[in-house]
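Just below is one structure, and these are the notes that go with it.
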Amino acid sequence: MALNASFLAIWKVVKAIPPGRVATYGQVARLAGLPRRARLVGTALNEAPAASLPWHRVINAQGRISLPPNSPGQREQRRRLREEGVVFVRGRVDLDRFGWRAGSDSPLLD
DNA sequence: GACATGACATAAC
DNA sequence: CGTTATGCCATGT
């Protein structure tokens, strides 16, 4: 089915996000060759085999986790990110420091 | 098929 | 900081 091609492209990009870095839904969509389809990324992650994907490294453009506050998933995602060294400030991640830029795989330490 | 929903993004006010 | 509007489209009812 042609439909899954999009999902596969998305999963591929997500798998490429290095530990300790995050990517936004829109960014993942673009890198997957699906511009303007950020929502599809959310859907793809929802349907994805969580065990085989670093789904927690995908957050929204505001640097926030897009799961309901206080939900198990939200806490899990925050826990995993913090475990990788991603810092939350007032519930937000500074994308300038932890955002994934293709070509640089380590966080900028100032 | 019509309609509502949602792990989103961007722009405008 | 916030709200509204619009684009997007797979899924579920």
Side-chain angles (χ1 to χ4, degrees):
Chain A
M1 337 144 155
L3 192 53
N4 275 346
S6 299
F7 282 21
L8 286 178
I10 289 169
W11 293 340
K12 184 174 179 180
V13 171
V14 173
K15 281 189 206 170
I17 307 173
R21 322 244 15 215
V22 296
T24 69
Y25 295 89
Q27 179 182 6
V28 171
R30 271 187 296 104
L31 293 174
L34 303 165
R36 292 330 156 323
R37 290 184 209 181
R39 289 191 98 134
L40 187 60
V41 174
T43 303
L45 289 184
N46 204 23
E47 304 292 330
S52 68
L53 268 154
W55 57 272
H56 58 285
R57 298 184 190 136
V58 183
I59 61 180
N60 65 37
Q62 300 176 27
R64 291 218 203 81
I65 289 176
S66 288
L67 287 170
N70 253 330
S71 66
Q74 190 263 8
R75 284 190 242 173
E76 176 65 5
Q77 182 166 13
R78 198 182 62 182
R79 185 187 71 72
R80 288 198 191 186
L81 288 176
R82 282 181 44 123
E83 193 169 41
E84 293 183 352
V86 176
V87 178
F88 280 79
V89 179
R90 291 195 301 282
R92 246 169 83 208
V93 172
D94 185 345
L95 292 177
D96 289 330
R97 292 199 298 169
F98 300 101
W100 175 40
R101 293 180 205 180
S104 72
D105 36 17
S106 51
L108 311 172
L109 306 173
D110 46 341

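Below, chains carry the letters A, B, ... as their sequence lines are ordered, and counting in each starts from 1. Remember, it's a predicted structure, so these values are computed and weren't measured experimentally.
- Heavy-atom distances to DNA chain C give each of Glu47(A) and Ala38(A) a nearest nucleotide, and the one nearer the 5′ end belongs to Ala38(A).
- Base contact: Asn46(A) has a heavy atom under 4.0 Å from a base atom.
- Atoms OG and CG, from Ser6(A) and Leu40(A) in turn, are 5.5 Å apart once rounded to the nearest 0.5 Å.
- Here the CD atom belonging to Glu47(A) is positioned 9.5 Å from the CG atom belonging to Asn4(A), to the nearest 0.5 angstrom.
- Going from the P atom of dA7(B) to that of dT6(C) covers 22 Å, rounded to whole Å.
- A heavy-atom distance below 4.5 Å is not found between the side chains of Ile59(A) and Phe98(A).
- Among the heavy atoms of the strands lying under 4.0 Å from Arg92(A) are primed sugar atoms or P, OP1, OP2 only; no base atom is included.
- Distance check, rounded to the nearest 0.5 Å: CD1 of Ile10(A) to OH of Tyr25(A) gives 11.5 Å.
- Distance, Arg78(A) CZ to dA7(B) P: 18 Å, rounded to whole Å.
- Heavy-atom distances to DNA chain B give each of Thr43(A) and Gln62(A) a nearest nucleotide, and the one nearer the 5′ end belongs to Thr43(A).
- Here the CZ atom belonging to Phe88(A) is positioned 12.0 Å from the CG atom belonging to Asp94(A), to the nearest 0.5 angstrom.
- Between the side chain of Tyr25(A) and the base of dA9(B), no donor-acceptor pair under 3.5 Å is found.
- The nearest whole Å value for the distance from the CD atom in Gln27(A) to the P atom in dT10(B) is 10 Å.
- Residue Ser66(A) has a polar side-chain atom (N or O) positioned under 4.0 Å from OP1 or OP2 of dC8(B).
- The listed nucleotides are dA7(B), dA10(C), dC8(B); the one nearest the side chain of Arg39(A) is dC8(B).
- Arg57(A) contributes a side-chain N or O that, together with a main-chain N or O of Ile17(A), makes up a donor-acceptor pair within less than 3.5 Å.
- Salt bridge annotation for Arg79(A)-Glu83(A): present, with a cationic side-chain nitrogen under 4.0 angstrom from a carboxylate oxygen.
- Nucleotide dA10(C) holds its C1' atom 13 Å from the CH2 atom of Trp11(A), rounded to whole Å.
- Here the C1' atom of nucleotide dC8(B) and the CG atom of Leu67(A) are 12 Å apart, to the nearest Å.
- Here dC1(C) presents its P atom at 7 Å from CZ of Arg90(A), a figure rounded to the nearest Å.
- Remark: P of dG7(C) and CG of Leu40(A) are 18 Å apart, rounded to the nearest angstrom.
- Rounding to the nearest 0.5 Å places CZ of Arg21(A) at 10.5 Å from CG of Leu95(A).
- For dT5(B) and dC8(C), the C1' atoms lie 13 Å apart once the distance is rounded to whole Å.
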Inset, instruction - Give DNA chain B the dot-bracket treatment, 5' to 3': Watson-Crick (N1-N3 with N6-O4 or O6-N4) or G-U (N1-O2, O6-N3) under 3.5 Å, [ ] crossing, | other strand. - result: .|||||.||||||
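- Computed from coordinates, the Leu53(A) CG to dA7(B) P distance equals 18 Å when rounded to whole Å.
- Rounding to whole angstrom units, CZ of residue Phe7(A) and C1' of dA10(C) are separated by 6 Å.
- Contact annotation for Arg37(A): backbone-only contact, meaning every heavy-atom pair under 4.0 Å involves sugar-phosphate atoms and none involves a base.
- Taking only distance into account, the side chain of Arg36(A) never meets the base of dG7(C) through a donor-acceptor pair shorter than 3.5 Å.
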